[in-house]
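Only one structure is covered here, and it is reproduced in the block below.
Just so it is clear, the model here is predicted, and its values are computed rather than measured. Excluded from the calculations below are hydrogen atoms, water molecules and symmetry mates; all remaining heavy atoms, backbone and side chain alike, are included. The sequence lines fix the lettering, A, B, ..., with proteins before strands; numbering per chain opens at 1.
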Amino acid sequence: MATTALEHAPAHHEEATGIWSWITTVDHKRIGIMYGVTAFLFFLLGGLEALVIRMQLWGPDGRLVSAEVYNQLFTMHGTTMIFLGVMPLSAMYFNYMIPLQLGARDVAFPRLNAFSYWVFLLGGLIINASWFFGAAPNGGWFGYANLTSAQYSPGLNIDFWTVGLQILGVASLAAAVNFFVTVINLRAPGMGMMHMPMFVWMSFITQILLLLSFPIITVALVLLMIDRSFGTHFFVPAGGGDPILWQHLFWLFGHPEVYILILPSFGIVSEILPVFSRKPLFGYAAMVFSGAFIAFVGFGVWAHHMFSTGMGPFADAFFALATMIIAIPTGVKIFNWIGTVWGGKLEFKTPMLFALGFIAMFIMGGLSGVMHASPPADLQQTDTYFIVAHFHYVLFGGAIFALTGGAYYWWPKMSGKMLDEGLGTLHFWLMMIGFNLTFFPMHIVGLNGMPRRVYTYSAESNFELLNKMETVGAFLLGLAMLVFMWNILKTWRSHQPPAPADPWNGATLEWAIPSPPQHFNFPALPRVHGRDALWEMKRVAGGTLPEPTPVAHDAVPMPNPSWKPLVAALGVAITLGGFIGGSHLWVHAVGLVVLFYGVYAWAFEDPFAATGH
Amino acid sequence: MSQTPVRRLRLGAPVLLLAAAMLAAGCAPDQYPQTTLIPRADFAREADTLMRQTLLWATIVFVLVEGALLFAIWKFRNRPGAAEPVQTHGNTTLEIVWTIIPAFILAMIAVPTVRTIFKTSQRPGPGALQVEVIGHQWWWEFRYPELGITTAGELVVPSGRTVSLEMTTADVLHSFWLPQFAGKRDVFPGRYNNLWFKAEVEGNFPAQCVEFCGVQHGRMAYRIVSVTPEAFDAWAANFNAPPKDFTADSTANPLVREGQRLFTAKGCGGCHAMYPALPLIGPNLHHVGSRSHIAAGTLENTDENLARWIKNPQEWKTGVLMPNLGLTDQETAAIVAYLRANQ
Ligand SMILES: [Cu+2]
Ligand SMILES: [Cu+2]
């Protein structure tokens with residue numbers, strides 16, 4: 001092995017810098033950072049939309065925004081948080097952490113990875129460009145037919161939505177193929193599937209969900225788009241179409257999507273808890289199989305979103321039972337997390353606070369979920385704020401808490417800086433209190449009759465007090481976000497010593513290499529013999545490992561940067577963008593030419609050719 | 001970072017949560033006229049019983065599991081000098097136990113669920129009052145085929161008698177909800193969905209559309225008016241009396257006569273029928289004068305509100321399918337008087 005020679009090479013490790021180096025990068029870590037920054041900005045936008053919503057609902061008959069603007073706001077809040085916030089924030093961790101945790105040098109297809117990012121960025125920009133036309137999507141994130149038909153939604157609003165989501169779907173599918181192959185093929189020597197870190201496992205299952213569910217929504221969106229652009233009648237009852245078909249297609253995607261949003265977070269929490277409990281994950285195999293089981297059964301429960309459509313008692317009963325069954329593996333996960341903490345030596349560092357907060361809040365969301373798995377009870381709860389409360393406990397109390405915990409956990413690795421623990425603790429408690437103040441009252445106001453998606457409520461309804469609490473809570477959440485950003489800014493500018501490679505006494509391979517890692521991650525591929533590979537290495541070495549030293553930046557040949565993925569991504573965006581406002585042939589034509597050129601140039605490019613610098 | 005502030009804060013959270021819960025409990029359901037927590041009909045009672053059973057199980061599980069979590073957090077916090085924890089990897093017996101116990105609890109929920117599903121999806125027997133419910137952007141129409149009545153905005157039902165709703169829509173999907181009496185059902189073009197209930201009390205209850213249906217979804221409300229069977233028969237008989245023609249009646253209030261003339265002259269009649277059974281684009285206004293609310297249940301039916309609505313419906317419901325007809329104050333007053341006279 002060349003390891004020893006490499007370790008003694010002169011330690012200059014400058015890498016290319018500047019805008020162009022980021023635009024052409026195919027390094028999974030840089031792409032991960034770009035995903036993270038972009039998604040965080042979209043996340044802030046979605047949060048601001050939520051704050052306007054909360055201000056409008058401060059009192060009865062609110063007049064801050066018009067009904068039309070409100071409908072655009074809640075549509076974009078949901079669409080943004082799901083497709084441009086939580087999913088790409090997870091993608092940041094997939095990108096940055098899957099190769100590191102696998103002990104790999106990059107993903108299987110680095111240029112495809114860059115392509116995914118650019119397509120995602122363009123999709124997000126196109127869907128948000130609608131604001132400048134005063135025509136942001138206004139049919140809800142679920143876009144129910146036949147309201148979205150050309151007859152009832154003649155404007156550009158729904159076009160931006162169908163086109164934007166299709167573009168985002170391309171990004172998700174390309175990324176899913178990439179990570180699927182990465183996990184199958186690029187595990188470090190000796191790392192069996194049942195040795196992989198839990199985050200990799202949950203992410204792997206997520207990729208399978210993406211691969212199976214995104215084609216379904218894509219089909220639905222294409223049908224809707226040609227209904228709108230070419231006057232077909234897939235969802236138009238007057239022409240023999242059926243609006244219920246949309247609901248089935250949408251939720252056949254939509255329910256697995258819920259697990260796409262939450263499984264990566266399950267993974268993150270399963271990484272944090274053992275490290276800060278100083279104890280391996282409890283019930284590793286049970287965790288893997290419960291995750292797989294949830295994903296599998298998750299394809300058979302979609303119609304629990306449709307109990308009020310009147311499917312008949314047999315369908316209602318089937319989907320009710322299937323939904324309840326999913327509660328069992330979910331419970332298994334929660335019990336195993338508690339089992340991990342049990343008997344440990346808990347250190348309440350910020351990542352741990354968020355991971356524990358995640359469990360506490362997720363329990364709540366899971367239990368309210370069981371309440372509306374029961375169709376007759378759901379006939380009272382569906383489309384009320386009770387549901388809004390439920391899925392925020394799952395997606396905010398769940399996913400956002402875990403993703404934030406992940407940010408504190410992996411920040412040193414990604415940036416080389418430690419975040420401030422005091423501010424982190426403050427962030428956590430502000431978020432915990434703000435979150436519960438915002439979303440707990442929604443259970444009550446929902447059961448007491450407040451519907452979702454209403455731009456205002458009457459004084460008679462008496463919803464005012466609870467709504468005021470919610471609005472105050474939402475602003476606390478905004479404050480928590482400011483504390484987080486202040487933490488980032490403050491530690492970024494401080495001259496603290498660089499973060500060590502392994503600040504938390506981590507169990508997984510990302511902590512074996514410098515923070516931030518060099519371009520090629522591992523000068524020599526690590527050899528793995530079981531789970532918690534790094535803990536095992538440290539045990540064999542008698543406690544600790546020496547701080548890894550950087551080696552020459554060209555010690556390992558890595559693929560060249562490439563701008564072709566960006567060109568291909570532009571081609572995809574332009575081609576589909578031509579469907580905004582009907583179908584513009586010349587736009588499709590230009591887009592296809594660009595796409596063809598991008599793919600052609602990409603296909604004949606030698607990624608390892610000498611670049612002559 | 002020192003341990004104390006964390007520990008103090010960790011106590012603070014449950015206290016805060018408790019305070020929130022107490023505040024919440026203080027908000028008793030009877031303060032909310034649209035509440036689902038006080039069932040007032042057989043159907044709603046079925047749903048409520050089931051909801052309370054699941055809520056009970058959910059609460060028990062919540063307390064136990066959150067309790068276990070908090071206990072573990074407190075018990076196993078890092079104390080100075082604590083030994084390295086035992087490196088356990090799992091326990092098969094435990095895995096089996098915590099798979100079976102939730103399965104058992106879910107079975108306890110599933111059995112009554114399935115029973116209630118089949119019970120509530122039975123069709124009401126003969127003798128039920130038939131009402132056809134039709135969603136429109138953004139108001140609801142009610143037809144009583146046996147009585148020859150077409151009305152809007154107010155579903156009038158007799159208490160103590162099963163009402164069978166056959167529901168559909170004239171345009172996009174909506175969802176008809178009776179929070180106090182039954183659940184909700186979505187309505188689809190060209191299809192009929194059914195709900196039924198037997199009101200146990202009399203009263204005038206608010207309700208609203210619960211499927212997003214376009215710009216004014218938020219103000220697509222209605223009233224459910226439950227009256228005694230006698231009052232219901234009187235209402236139906238009165239409704240079926242032919243409309244009054246004030247212009248032909250020289251003894252009538254001149255303002256009302258002027259209002260009737262304007263109603264036709266300004267084109268209101270093109271969208272609104274004043275006859276018991278004629279459906280048009282807009283809500284049937286026969287007897288609008290005696291309704292408790294107008295503008296799809298969102299404004300009290302006072303003269304001021306009627307005038308406000310007629311003068312500029314776009315102000316209260318921007319985007320509504322009734323145009324601003326540019327009426328003067330005098331014209332408005334006359335039309336209001338005419339509508340009010342239609343009791
Ligand atoms: Cu679902
Ligand atoms: Cu509606």
Check [Y] with [X], please: is the shortest side-chain N to carboxylate O separation under 4.0 Å?
X: B:Glu84; Y: A:Lys345; result: yes
X: B:Glu166; Y: B:Arg123; result: yes
X: A:Glu460; Y: B:Arg223; result: yes
X: B:Arg219; Y: A:Asp61; result: yes

Side-chain contact, heavy-atom cut-off 4.5 Å: A:Met324 with B:Thr113?
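Side-chain contact under 4.5 Å: yes.
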Name the option with the most non-hydrogen atom pairs under 4.5 Å to chain B; the candidates are A:Gly139, A:Gly331, A:Ala360, A:Gly283.
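The candidate making the most pairs under 4.5 Å is A:Ala360.
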Output the option from A:Val370, A:Thr309, A:Leu281 having the highest count of non-hydrogen pairs under 4.5 Å with chain B.
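With the most close heavy-atom pairs to chain B, the winner is A:Thr309.
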Counting only non-hydrogen atoms closer than 4.5 Å, does [X] touch chain A with its backbone (N, CA, C, O), its side chain (CB onward), both, or neither?
X: B:Phe188; answer: side chain
X: B:Asp48; answer: neither
X: B:Gln208; answer: side chain
X: B:Asp171; answer: both

Can you list the residues that meet the side chain to side chain contact (heavy atoms under 4.5 Å, CB included) rule with A:Phe293, with sequence neighbours excluded?
A:Val297, A:Ile325, A:Pro329
Taking side chain as everything from C-beta outward and backbone as N, CA, C, O, which of these in [X] sits under 4.5 Å from a heavy atom of chain B? Side chain, backbone, both or neither.
X: A:Leu321; result: side chain
X: A:Asn146; result: both
X: A:Asp378; result: backbone
X: A:Arg452; result: backbone
X: A:Tyr144; result: side chain
X: A:Ser458; result: neither
X: A:Tyr70; result: neither
X: A:Ser153; result: neither
X: A:Tyr152; result: side chain
X: A:Pro237; result: side chain
X: A:Phe74; result: side chain
X: A:Asn336; result: both
X: A:Ser66; result: neither
X: A:Ala145; result: backbone

B:Lys184 side-chain N/O to A:Gln380 backbone N/O, donor-acceptor pair under 3.5 Å:
yes
Side-chain donor/acceptor of B:Trp196 to backbone N/O of B:Gln122, under 3.5 Å:
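Between the backbone of B:Gln122 and the side chain of B:Trp196 there is a qualifying donor-acceptor contact (under 3.5 Å).
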Report the option among B:Val215, B:Ile105, B:Thr54 that has the most heavy-atom pairs separated by less than 4.5 Å from atoms of chain A.
B:Val215
Using ring centroids (six-membered ring only for Trp), state whether A:Tyr385 and A:Phe439 fall under 6.0 Å.
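No, they do not, as the ring centres are separated by 6.0 Å or more.
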